[in-house]
Amino acid sequence: MESAEQFEKSSAEPDANCSPIEFEQQLRLVCAQVITDKARLRVYESDGLSVKRTLPRYVALPGTVTEVQAIVGLCFQYQVPLVARGAGTGLSGGAMPHAKGVLLSLARFNRILKVDQDNLLAHVEPGVTNLAISDAVKSLGLYYAPDPSSQIACTIGGNVAENSGGVHCLKYGLTVHNVRKLKIVSPEGELYEVGSEAYDSAGFDLLALLHGSEGMLGIVVEVVVQLLPQPKDIVVVLAGFDSVTVAGNTVGDIINAGLLPAGLEMMDKLAIGAAEAFVHAGYPVEAEALLIIELDGNQMEIDAQLEKLRAVLNEAGANPVRIARDEADRQQIWLGRKSAFPAVGRLAPDYFCMDGTIPRRELAEVLSQIALLADKYQLQVANVFHAGDGNLHPLILFDANNLSALHKAEQFGAEILTLCIAKGGTITGEHGVGVEKIDQMCLQFNEAELKLFHGIKAVFDTRGFLNPGKAIPTLNRCAEFGAMHIHAGNDKFSHLERF
């Protein structure tokens, strides 16, 4: 059988004995809902990284695990590239389809299967939205901690694929820290489980490996998430600063004071103004930067934490400082932060949302360097991000209809990621690599490390048809990118390349 790369280059057949028409007929036999009409296919041509688009040949919308198994098995048999998709809110092109493959939508898998209150667990399908879990268990005094800004729309399956975080990841961790077990369909179409409903399981930690694997190792069809009791008391503090540098340094000062906030977010002046104009959260638009700090626990704990926090903010010269104890006031402050991305989207036709992560000690320096890069490229950038864990989200404003501006925005983003690596950080914190950052993988990892990644991919997906060309660059690509010298005989990984 031909490889995924050969299939991509062929003009017609997925397999010598199966034409596209015959494959479509077989696909319709195993899946009740298949889309091939070009107008309807355009709905699926990109994820949240809309400047990268490809029209899929087929879209399959299964409604049962059995259908998923049959679709995956069929694609395995004929080596037809397959890309899984949740809500399409990803920002790195990880769910961008293959031009001659199947896009497997899990949108119909939207049920909460069971809530286990005794063990603080919820069994959910991958198409359940993030926020729906907390809404479903609110009456039980429970909630699901990871909360990406897109939580009203993003799905749990996508959260697993990208190992998403959110504004509370500083204290409560990323998706991987809040998932106990996964049910997976293998590339051969077999169903298996990893993890355990207990806190640990025997053997290698495949549960962690599958988080952030971007649909390249298997298809998630069920997730068991950990629930937490709702905090007894919560206080949100909004602090304004007349300098981005001072705000950045204050993040480290807060942690150094022995505080571990539930959330510690930062926004710069451009993001503040956009959010305030959009949702009227009461933000100080005259400030150059603001921090949003959430403290939770019982009242005595919060009072002690608040005293320490006030001392740090006073020392930094924060002004104004707004303390929100009332739930409506707290929600209004968070509404501004969680609406920041769409708010900034009103300032320009398009923006790139970057996702580099750096040590907290480098925040002030990196933000200063980003400002210099904005001058260099003559493009505006709004910074709104998870400051507590150093996960940057610079939003580079541009017009995608202007090819020169698009190229500058891509170069700008690439320099930010390179800067993150130079400062001891990484090119992604929660958005994944997809196609957006695949070249920067060549900078962050060496030849031996990339070989290891490809080896892991090959163990799970022997034919390389699951989401080919995403996340892990081939060594040849890195050589062409100019990032490394490679030795002869490394072409065996080229069948995973796509873009």
Side-chain angles (χ1 to χ4, degrees), residues 3-5 76 79 81-84 92-94 160-164 174-177 179 182 184-188 192 194-195 200-220 355-359 414 417-418 420-499:
S3 70
E5 183 182 59
F76 176 83
Q79 296 208 45
L82 183 145
V83 178
S92 64
V160 171
E162 307 295 0
N163 195 19
S164 303
L174 303 169
T175 302
V176 67
H177 305 113
V179 169
L182 296 174
I184 306 287
V185 173
S186 76
E188 295 81 10
Y192 68 98
V194 296
D200 195 11
S201 58
F204 295 114
D205 192 0
L206 299 181
L207 185 66
L209 178 62
L210 286 161
H211 279 79
S213 61
E214 303 192 33
M216 297 189 299
L217 306 181
I219 309 299
V220 176
D355 176 45
T357 301
I358 58 172
L417 297 178
T418 302
C420 290
I421 296 171
K423 294 297 183 181
T426 179
I427 61 172
T428 181
E430 58 172 336
H431 292 176
V433 175
V435 296
E436 176 201 19
K437 311 184 187 85
I438 196 165
D439 285 335
Q440 282 68 46
M441 286 285 287
C442 301
L443 300 177
Q444 183 165 348
F445 298 100
N446 61 33
E447 180 179 337
E449 291 166 329
L450 291 176
K451 281 184 177 181
L452 178 61
F453 292 159
H454 283 296
I456 293 170
K457 164 72 169 169
V459 167
F460 280 83
D461 179 12
T462 57
R463 296 182 176 177
F465 76 103
L466 286 184
N467 214 6
K470 307 287 180 60
I472 309 172
T474 62
L475 300 182
N476 282 342
R477 182 183 186 117
C478 290
E480 292 172 3
F481 183 61
M484 67 175 65
H485 171 74
I486 64 170
H487 302 286
N490 288 319
D491 287 342
K492 65 180 180 178
F493 302 111
S494 64
H495 72 286
L496 298 175
E497 187 66 11
R498 166 73 173 88
F499 301 99

Handout entry: Separation between CG of L417 and OG1 of T426, rounded to the nearest 0.5 Å
Key = 9.0 Å
Practice task
Give a yes or no on whether the backbone of V433 and the side-chain of K470 come within a donor-acceptor separation of less than 3.5 Å.
Solution key: no
Exercise for the section: Using modelled atom types only, decide if a donor and an acceptor are shared between the side chain of N467 and the backbone of V83 within a distance under 3.5 Å. Expected result: no
Practice task
Would you kindly say whether E188 and S186 are connected by a side-chain donor-acceptor distance under 3.5 Å?
Solution key: yes
Completion exercise
Nearest heavy-atom approach of G93 to V435 is CA-CG2, 4.0 Å
Practice task
Could you pull out the closest heavy-atom pair between I438 and G469, with the gap in Å?
Solution key: CD1-O, 3.3 Å
Fill in the blank from the handout: Closest non-hydrogen contact found for F76 with R463 is O-NH1, 2.8 Å
Handout entry: Residue pair I421 / I427, side-chain heavy-atom distance below 4.5 Å
Key = yes
Problem - Side-chain donor/acceptor of E449 to backbone N/O of N446, under 3.5 Å - result: yes
Exercise for the section: Calculate, to the nearest 0.5 Å, the distance between atoms CD and OG1 belonging to E162 and T175 respectively. Expected result: 10.0 Å
Practice task
Spell out, as yes or no, whether a donor-acceptor pair under 3.5 Å connects the side chain of H211 to the backbone of S164.
Solution key: no
Problem - Close side-chain approach of P473 to L450, heavy-atom, < 4.5 Å - result: yes
Practice task
Indicate yes or no: at least one non-hydrogen side-chain atom of L82 is less than 4.5 angstrom from one of I219.
Solution key: yes
Handout entry: Check: E214 side chain, A471 main-chain N or O, donor-acceptor pair, under 3.5 Å
Key = no
Exercise for the section: Check whether any side-chain heavy atom of V459 lies under 4.5 Å from a side-chain heavy atom of I456, and answer yes or no. Expected result: no
Exercise for the section: For the pair K457 (side chain) and M216 (backbone), establish whether a donor and an acceptor sit closer than 3.5 Å, ignoring hydrogens and angles. Expected result: yes
Completion exercise
All heavy atoms of Q444 vs all of G425, minimum pair found to be NE2-O, 4.2 Å
Handout entry: Closest non-hydrogen atom pair between S213 and L210, with its separation
Key = OG-O, 2.7 Å
Handout entry: With sequence neighbours excluded, residues passing ring pair (Phe, Tyr, Trp, His ring centres under 6.0 Å) with F445
Key = F453
Handout entry: Side-chain touch K437/S92, heavy atoms, less than 4.5 angstrom
Key = yes
Exercise for the section: For N163, check side chain to side chain donor-acceptor pair (under 3.5 Å) against everything at least two apart and list the hits. Expected result: none
Handout entry: Heavy-atom check, side chain of I184 versus side chain of V220, under 4.5 Å
Key = yes
Handout entry: Side-chain donor or acceptor of H177 paired with backbone N/O of L174 under 3.5 Å
Key = yes
Problem - Check: F460 and L466 side chains under 4.5 Å, non-hydrogen atoms - result: no
Handout entry: 4.5 Å side-chain heavy-atom contact, L207 and L182
Key = yes
Handout entry: Closest non-hydrogen atom pair between G215 and A161, with its separation
Key = N-CB, 4.4 Å
Handout entry: Listed partners of E430 passing side chain to side chain donor-acceptor pair (under 3.5 Å), at least two apart
Key = H386, H393
